[in-house]
> 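Next up is a structure, given as structure tokens.
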Amino acid sequence: MEELYIQKVLAGESDAFRYFIKKYKDIGYSLAVSVVKNEYQAQEILQTAFIRAYSGLKSFKGKSKFSTWFYRILINEAFKAVKKQSTYTDLEPVCSKIPENDYFEANEKEENQKYYLNEALKKINSNESLALRLFYLEECSIEEIIEITGWSNSNVKVILHRGRSNLRQVLEKIYKNDKAALYQ
């Protein structure tokens, strides 16, 4: 299916690229947030990655899946932004507290779980957050993660292991802090 849209875009039907935007915007945003830890910056990175993918579609050789190729572009852009930003001091708080009435508005357990998971992924190391999102949320294999990130096989496994451990610790802290805040 994707090959058809690639051919359409290469034939001059620029509107056909919307297929890729619709298909990859959500996970692309999620991956960008996992690296840069900032929602607004993640949106800019996602937009830049789509522009680069569109502009460079002629260079896509089809040796890997389009998603792998696109995620590689996206992740490169995200790490480039982090590198630029590392010279500046980040004045934003790491995580804002949930307003009290959000607890009562959130009716479904799944919504709460997604919230806590995303907050925890923002607090752990960018590489760990990225690897966990690719492996569990995008269901990429170890080989696909290697291709997307350029990391070695053993490095991916170590990062996933550390990421799971750190994610568990951060989730426990978030749950404890939010429970304590409820009873104050």
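Just so it is clear, the values below take in all heavy atoms, side chains as well, and ignore hydrogens, waters and symmetry mates.
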> Answer with yes or no whether the hydrophobic clustering places I27 together with Y29; edges join I, L, V, M, F, W, Y residues whose side-chain heavy atoms lie under 4.5 Å apart.
yes

> Does S34 offer a backbone N or O that forms a donor-acceptor pair with the side chain of K37 under 3.5 Å?
yes

> Return the set of residues passing salt bridge (charged side-chain N to carboxylate O under 4.0 Å, His left out) with E2 (not counting sequence neighbours), or none when no residue passes.
K23

> F66: which residues meet the ring-ring contact (aromatic ring centres under 6.0 Å, His included) condition with it, sequence neighbours left out?
F20, Y24, F60, W69

> Do you know which two heavy atoms are closest between L130 and L31, and how far apart they sit?
CD1-CD2, 3.8 Å

> Please name the pair of heavy atoms, one in V9 and one in Y54, separated by the smallest distance, quoted to 0.1 Å.
CG1-CE1, 3.6 Å

> Could you go through V156 and L134, starting from their C-alpha distance and side-chain angles, then the distance that decides it, and tell me whether this counts as side chain to side chain contact (heavy atoms under 4.5 Å, CB included)?
CA-CA 11 Å; V156 169; L134 285 171; over 6 Å; no

> Quick one: closest heavy-atom pair of C140 and I148, and the distance?
SG-CD1, 4.1 Å

> Mind checking what makes side-chain hydrogen bond (donor to acceptor under 3.5 Å, both in side chains) contact with S64, not counting sequence neighbours?
E147

> I need the minimum non-hydrogen distance between I124 and L132, along with the two atoms involved.
CD1-CD1, 3.8 Å

> What residues, two or more places apart in sequence or in another chain, satisfy side-chain contact (heavy atoms from CB on, under 4.5 Å) together with Q169?
S165, N166

> Quick one: side-chain hydrogen bond (donor to acceptor under 3.5 Å, both in side chains) partners of K65, sequence neighbours excluded?
E144

> For a side chain to side chain contact (heavy atoms under 4.5 Å, CB included) check, start with the C-alpha distance between N127 and W151, then their side-chain angles and the critical distance, and finish with the verdict.
CA-CA 10 Å; N127 289 349; W151 301 332; 3.6 Å; yes

> Using side chain to side chain contact (heavy atoms under 4.5 Å, CB included), reason through Y5 and M1 one step at a time and then give a plain yes or no.
CA-CA 7 Å; Y5 283 100; M1 182 73 146; 4.0 Å; yes

> Do Y71 and F79 belong together in a cluster built from hydrophobic side chains that touch within less than 4.5 Å?
yes

> With sequence neighbours excluded, what pairs up with N76 under the side-chain contact (heavy atoms from CB on, under 4.5 Å) test?
R72

> Who are the ring-ring contact (aromatic ring centres under 6.0 Å, His included) partners of Y136, not counting sequence neighbours?
none

> Would you please name every residue forming a side-chain contact (heavy atoms from CB on, under 4.5 Å) with N153, sequence neighbours left out?
I142, I146, K157

> Find the distance between CG (L171) and NZ (K123) and round it off to the nearest 0.5 Å.
10.0 Å

> Mind jotting down which residue pairs meet the side-chain hydrogen bond (donor to acceptor under 3.5 Å, both in side chains) criterion with at least one end in residues 6-18? Sequence neighbours excluded, please.
none

> Between side-chain atoms of residues 39-50 and protein atoms elsewhere (two or more places apart, or another chain), which donor-acceptor pairs fall under 3.5 Å?
{"residue": "E39", "atom": "OE2", "partner": "K122", "partner atom": "NZ", "Å": "2.9"}
{"residue": "T48", "atom": "OG1", "partner": "E44", "partner atom": "O", "Å": "2.9"}

> Could you walk me through whether V33 and N38 satisfy the side chain to side chain contact (heavy atoms under 4.5 Å, CB included) test, starting with their C-alpha distance in whole Å, then the side-chain angles of each, then the deciding distance to 0.1 Å, before giving a yes or no?
CA-CA 6 Å; V33 166; N38 179 301; over 6 Å; no

> Can you name the side-chain hydrogen bond (donor to acceptor under 3.5 Å, both in side chains) partners of S30, sequence neighbours left out?
R133

> Not counting sequence neighbours, which residues clear side-chain hydrogen bond (donor to acceptor under 3.5 Å, both in side chains) with R52? List them please.
E77

> So, for A131 and I145, which heavy atoms are closest and what is the spacing to 0.1 Å?
O-CD1, 4.1 Å

